[in-house]
S.K.: 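Could you have a look at this structure, given as structure tokens, before my questions?
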Amino acid sequence: MVAGPVLLNVRGLSKQFPGVKALDDVSLRVRAGEVMALVGENGAGKSTIVKILTGIYKPDAGTIEIAGTPMQFSRPTDAWAAGISAIHQETSVFEDLTVGENIFMGHQPTRGRGPLVDWKGIHRRSAEILDRMDVAISTRSLVRELSVAERHILGVAKALAHDAQIVIMDEPSASLSRKEIDHLMVIVRQLRDEGKGIIFISHKFVEIFEIADRYAVLRDGQLVGEGNVADVTQDELVKLMVGRSVEEVFPKVDVPIGDVVLEVSHFTHDTEFEDISFTLRKGEILGFYGLVGSGRSEVMQSIFGVTRSRSGTLSMHGRPIKISSPSEAMKHGLALVPEDRQQQGAILPLSIRQNMTLALIDQLSPRGFLSRRRELGVTRDMGARLSIKAAHWDQQVDELSGGNQQKVVIGKWLATRPEVMILDEPTKGIDIGSKAAVHEFMGELVAQGLAVILVSSELEEVRGMADRIIVMHEGRICGEFSRDEATAEAIVTVASGAQAGP
Amino acid sequence: MSTNASEGRAAVRDRAAESPWSLLRRWEAILLVFLGIVFVINSNATPYFLNIYNLADSTFNFSEKAIIALPMALVIIARDIDISVASIIALSSMLMGLAAEAGLGVPGLVVVGLATGATAGAFNGFLIAGLGLPAIVVTIGTFTLFRGIAFVALGDGAVTQYPAGLAYFGQGYIGGLIPFEFVLFLVLAVIFGVVLHMTVIGRRIYAIGNNPVAARFTGIRVDRYRFVLFCLTGLMSGLAAVLLTSRIGSTRPNIALGWELEIITMVVLGGVSILGGIGTILGVVIAVLLVGMVTFGFGLLNVPGIIMTVFIGSLLIVTISIPVVIQAVRVRAAARASSRR
């Protein structure tokens, strides 16, 4: 490793929020030419550090030095000017502006000294930056047309355009496919070799071990460990994060597989997917793996009646059924925990109780009148089953951690007593504790005789949990594996479209 | 201090531990304080204000608008808006006028007014919920369209020949004291309040207003709800047309001109978020009374109408800024307190 001088030196950082000590005397160092992985469960304080380093929060105590110079950030532009650039989880971009405009947003070059924007310069310099990263994105295409992966690359390009010395990447790979992640890793290495200091935040250990030189672990706002990645194992990191050892990552329960519950035949949509046929049996966890954009979520949403324009037939227990809206899907015993928890899953400003009972509010309300008592009954029940952590049941869902938000959404659907539960990326962006809870919970569901479809971009998750794995590529099913055949290599090969599947 | 918060946590409580004082921070409380201030100022300014007959009669000035404010609140909570309500009044009143000239009786006229309103609302609802066009654009279009039709049909003319029996709706009293219109408003307010706050329908309206996508994913027929809400607003505008036509006994195409903004002002003043998802019927009712009492007091003091609009505009801005300002002050105070430590 060619660790250079210390670029960023943070000492004794503390931050108090009402009722929570978000950060407690945390010190970090990042050297030039080094990738430092910042790990910890949701709520451990990672985001608070990022927000302090980017000037969004002011620390209660502690100092920040950049290349030996003490800094005080009173607003985001101060941090930006000091050479710190953050690429956020939900990358903030201007959808209807071009790539070039986005890259130079806020510091557009002008012609001479005048106020006129130097458009040629923007596009020329943007193209140079993108070339340097070896990506083929036109600087004139609109950001709206970019994929999620390309948006992350745009984020990196923005940092480069500003000549940032310290780049913070906050879960850059949360919604990327393997191939896209590989490309991102190449770019991260390139940044490192150029002597930037990189803070890399991720929930995925594979990536941490692949890319990071050093690690720092946060738990409950405190730094509980740091060191060289080469000197640590995954188990040790997990132990540091959660403060206990996690025995088994995927608690797969073996359940006898029963009759066919759901049969999907020849589902076809104009643009999203083509000729999708599969069956789902009682007690089975059926994994759907594929790259982002392979049409998995779209298939699930059309089964659930969210998307109407499609052809093909659907049957349950051998009898054909028609579903043209989510409410009809619910009547047939289907449930869908959608991919986008915050937009499609939960109604964030409403309370836990109101969210949890929304799908079956009719049954809970005699003659249409709401019954707080009955709602609380269901909420307490589901809350206990999913061990949801909250102050009270009337608390707004947006005050909860990501993992608990997801539990509320799952609870909402579980309360409808479905026969088929479709989980679309149920563990995306949630902490390892909640993740294990969701996995364990899936085992309970099938043990109770439900059938589960698990859509996931995380190969290990699908392999660890599913009885059978269907692989999609560009809107088609291009492979199916039983649990025993499902080697990582085989699945990835099929999913990337390298060969027409069996 | 517990180092293992995640394991040793107590059971989740059923509701927030609130002190009784937190009720005072509610929007409705702020409005009530304003209403009290207006009462005190008005009764000091003129001896005619605290006269029970005058007070009762003052409700004639706002009851029709207030009746439309109720469904408007639901529409805005569900993240839509209806700009066309006053134009629906014009259209309904115009058709009532034509029907009266054709010799239709009182029950027939009422039916014409209500049916016209409901149909106009259904037209809005079809364009918005059925075709998926934006509510603000559609109702700006029908705002011009509906009143335009009234102008084409009536031109410079007016309908003034209404059967005598129609007068009760807009001029009659219950118990010889309280105007029928106002009682009707109070009854409707109770019904709307019960539906919004105590039934499944209300819960779903809040769900739609807070996140229409998630609401749809949860099996709520979002577009059906939106359609029905526009029909309801149309129907209530038709009802307001019956009351107003009855009260003034004539129809001109410029009837109820500019009411839509006054109605939306009442709703927003009542604490309904223009972004949807938030608001109560109680708040809207208090806001209606507040605007009504201000208007009445100014009327007694012979304040010109122009000044009145200036005042109502300022009141709206002041009221919606109060919570924001309080919040900002509190944050700053907290920051100061923490930096002193």
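The chains referred to below are lettered A, B, ... by the order of the sequence lines, with proteins before strands, and numbering in each begins at 1. In what follows, every heavy atom counts, from backbone to side chain, and hydrogens, waters and symmetry copies are set aside.
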S.K.: Distance check, rounded to the nearest 0.5 Å: Gln301(A) atom CD versus Phe217(B) atom CZ?
M.R.: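 Result: 4.0 Å between the selected atoms.
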S.K.: Nearest 0.5 Å please: distance from the CG atom of Leu370(A) over to the OG1 atom of Thr199(B).
M.R.: 6.0 Å
S.K.: With Gln344(A) as reference, evaluate Asn211(B), Thr218(B), Val213(B) under the side chain to side chain contact (heavy atoms under 4.5 Å, CB included) test and give the passing residue.
M.R.: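 Single side chain to side chain contact (heavy atoms under 4.5 Å, CB included) partner of Gln344(A) among Asn211(B), Thr218(B), Val213(B): Val213(B).
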S.K.: If you count heavy-atom pairs under 4.5 Å between each of Ser325(A), Gly368(A), Ser371(A), Pro338(A) and chain B, which one has the most?
M.R.: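 Between Ser325(A), Gly368(A), Ser371(A), Pro338(A), the count favours Gly368(A).
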S.K.: Val200(B) vs Phe369(A), test: side-chain contact (heavy atoms from CB on, under 4.5 Å). Steps then yes/no.
M.R.: CA-CA 6 Å; Val200(B) 170; Phe369(A) 282 90; over 6 Å; no
S.K.: Is chain B contacted by the side chain of Ile388(A), its backbone, both, or neither, given a heavy-atom distance below 4.5 Å?
M.R.: backbone
S.K.: Heavy-atom distance under 4.5 Å between the side chains of Val12(B) and Gln395(A), does that happen here?
M.R.: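 In short, these two side chains do not touch, never coming nearer than 4.5 Å.
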S.K.: Under a 4.5 Å cutoff for heavy-atom pairs, which residue among Asp362(A), Leu364(A), Thr379(A), Val409(A) has the most contacts with chain B?
M.R.: Asp362(A)
S.K.: Heavy-atom distance under 4.5 Å to chain A: side chain of Val195(B), backbone, both or neither?
M.R.: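 For Val195(B), neither part sits under 4.5 Å from chain A.
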S.K.: Under a 4.5 Å heavy-atom cut-off, does chain B meet the side chain of Lys58(A), its backbone, both or neither?
M.R.: neither
S.K.: Using 0.5 Å steps for rounding, measure from the CG atom of Asn210(B) to the CG atom of Leu350(A).
M.R.: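 Result: 4.5 Å between the selected atoms.
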S.K.: Is it true that atom CZ of Arg15(B) has more than 12 heavy atoms of other residues, nucleotides or ligands lying nearer than 6.0 Å?
M.R.: no
S.K.: Is there a donor-acceptor pair under 3.5 Å between the side chain of Arg216(B) and the backbone N or O of Val306(A)?
M.R.: yes
S.K.: In terms of heavy-atom proximity below 4.5 Å to chain B, should Ala384(A) be classed as side chain, backbone, both, or neither?
M.R.: neither
S.K.: Taking Ala61(A), Ser387(A), Gly305(A), Pro326(A) one by one, which has the highest count of heavy-atom pairs under 4.5 Å against chain B?
M.R.: Pro326(A)
S.K.: Let me confirm one number: the OG-CE distance from Ser365(A) to Met198(B), rounded to the nearest 0.5 Å.
M.R.: 11.5 Å
S.K.: What part of Arg221(B) is in contact with chain A, defined as an atom under 4.5 angstrom from a non-hydrogen atom: side chain, backbone, both or neither?
M.R.: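 Only the side chain of Arg221(B) comes within 4.5 Å of chain A.
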S.K.: Go through the atoms of Ile361(A) and report whether side chain, backbone, both or neither lie under 4.5 Å from a heavy atom of chain B.
M.R.: both
S.K.: Who wins among Ala214(B), Ala215(B), Gly202(B) for the most heavy-atom pairs under 4.5 Å with chain A?
M.R.: Ala214(B)
S.K.: Is chain A contacted by the side chain of Ile220(B), its backbone, both, or neither, given a heavy-atom distance below 4.5 Å?
M.R.: side chain
S.K.: Salt bridge (charged side-chain N to carboxylate O under 4.0 Å, His left out) between Arg353(A) and Asp14(B): does it pass, once the steps are laid out?
M.R.: CA-CA 9 Å; Arg353(A) 172 173 58 87; Asp14(B) 284 346; over 6 Å; no
S.K.: For Phe123(B), is the CZ atom crowded, meaning more than 12 foreign heavy atoms sit under 6.0 Å from it?
M.R.: no
S.K.: Mind ranking Lys412(A), Gln343(A), Met330(A) by heavy-atom pairs under 4.5 Å with chain B and telling me who comes out on top?
M.R.: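 Greatest number of close heavy-atom pairs with chain B: Gln343(A).
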S.K.: Given that the side chain runs from C-beta out, which part of Arg372(A) has a heavy atom under 4.5 Å from chain B: side chain, backbone, both or neither?
M.R.: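 The side chain, not the backbone.
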S.K.: Are there over 12 heavy-atom neighbours, none belonging to Glu399(A), within less than 6.0 Å of that residue's CD?
M.R.: yes
S.K.: Heavy-atom distances under 4.5 Å only: say whether Leu358(A) touches chain B with side chain, backbone, both or neither.
M.R.: both
